[in-house]
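Values below: all heavy atoms of this structure, side chains included; hydrogens, waters and symmetry mates excluded.
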Amino acid sequence: MKEKRLVQFRKELSMNQKEFAKTLGVSRSLLTKIETGNRMPSYRFMKAIKKSFPEANIDDLFFK
């Protein structure tokens with residue numbers, strides 16, 4: 001499941017949801033919805049991940 005990859009990525013960074021959301025400039029509730037699969041990540045959200053974490057592979061996180 002795609003959403004589990006995002007949770008795993010966040011945990012590998014040793015970040016909780018609040019810290020991760022703040023780093024990305026999104027609300028914790030939005031992050032929770034994306035992580036649980038209740039909402040698809042927007043282009044803006046994926047762009048924020050790539051800007052904050054250049055090592056992140058967007059394809060692996062969301063499209064495989």
**Report entry** Polar side-chain atom of Lys50 near backbone of Ile58 as donor-acceptor pair, under 3.5 Å
**Finding:**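 No.
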Query raised in the report: Is there a donor-acceptor contact under 3.5 Å from the side chain of Ser52 to the main chain of Ile49?
Result: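 Flag not set: sc Ser52 to bb Ile49 has no pair under 3.5 Å.
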Query raised in the report: Given the side-chain rings of Phe62 and Phe9, with only the six-membered ring counted for Trp, is the space between their centroids under 6.0 Å?
Result: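 Ring centres of Phe9 and Phe62 not closer than 6.0 Å.
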Using a 4.5 Å cut-off on heavy atoms from C-beta on, say whether the side chain of [Y] contacts that of [X].
X	Y	result
Ile34	Met40	no
Val26	Arg44	yes
Thr23	Phe53	yes

To the nearest 0.5 Å, how far apart are [atom1] in [X] and [atom2] in [Y]?
X	Y	atom1	atom2	answer
Lys22	Asn16	NZ	CG	11.0 Å
Lys18	Thr32	NZ	OG1	12.5 Å
Phe63	Arg5	CZ	CZ	11.0 Å
Glu19	Leu24	CD	CG	11.5 Å

Query raised in the report: Shared ILVMFWY cluster between Phe45 and Tyr43, side chains joined below 4.5 angstrom?
Result: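 Different clusters.
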Report task. Grab the two heavy atoms, one from Met46 and one from Pro41, that are nearest each other, plus how far apart they are. Result ->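 Heavy-atom minimum between the residues: CE-O, 3.9 Å.
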**Report entry** Heavy-atom pair of closest approach, residues Gln17 and Leu31
**Finding:**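 Closest heavy-atom pair between Gln17 and Leu31: O-CD2, 3.4 Å.
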**Report entry** SB check Arg10 Glu35 (cutoff 4.0 Å)
**Finding:**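 Salt bridge between Arg10 and Glu35, a charged N being under 4.0 Å from a carboxylate O: yes.
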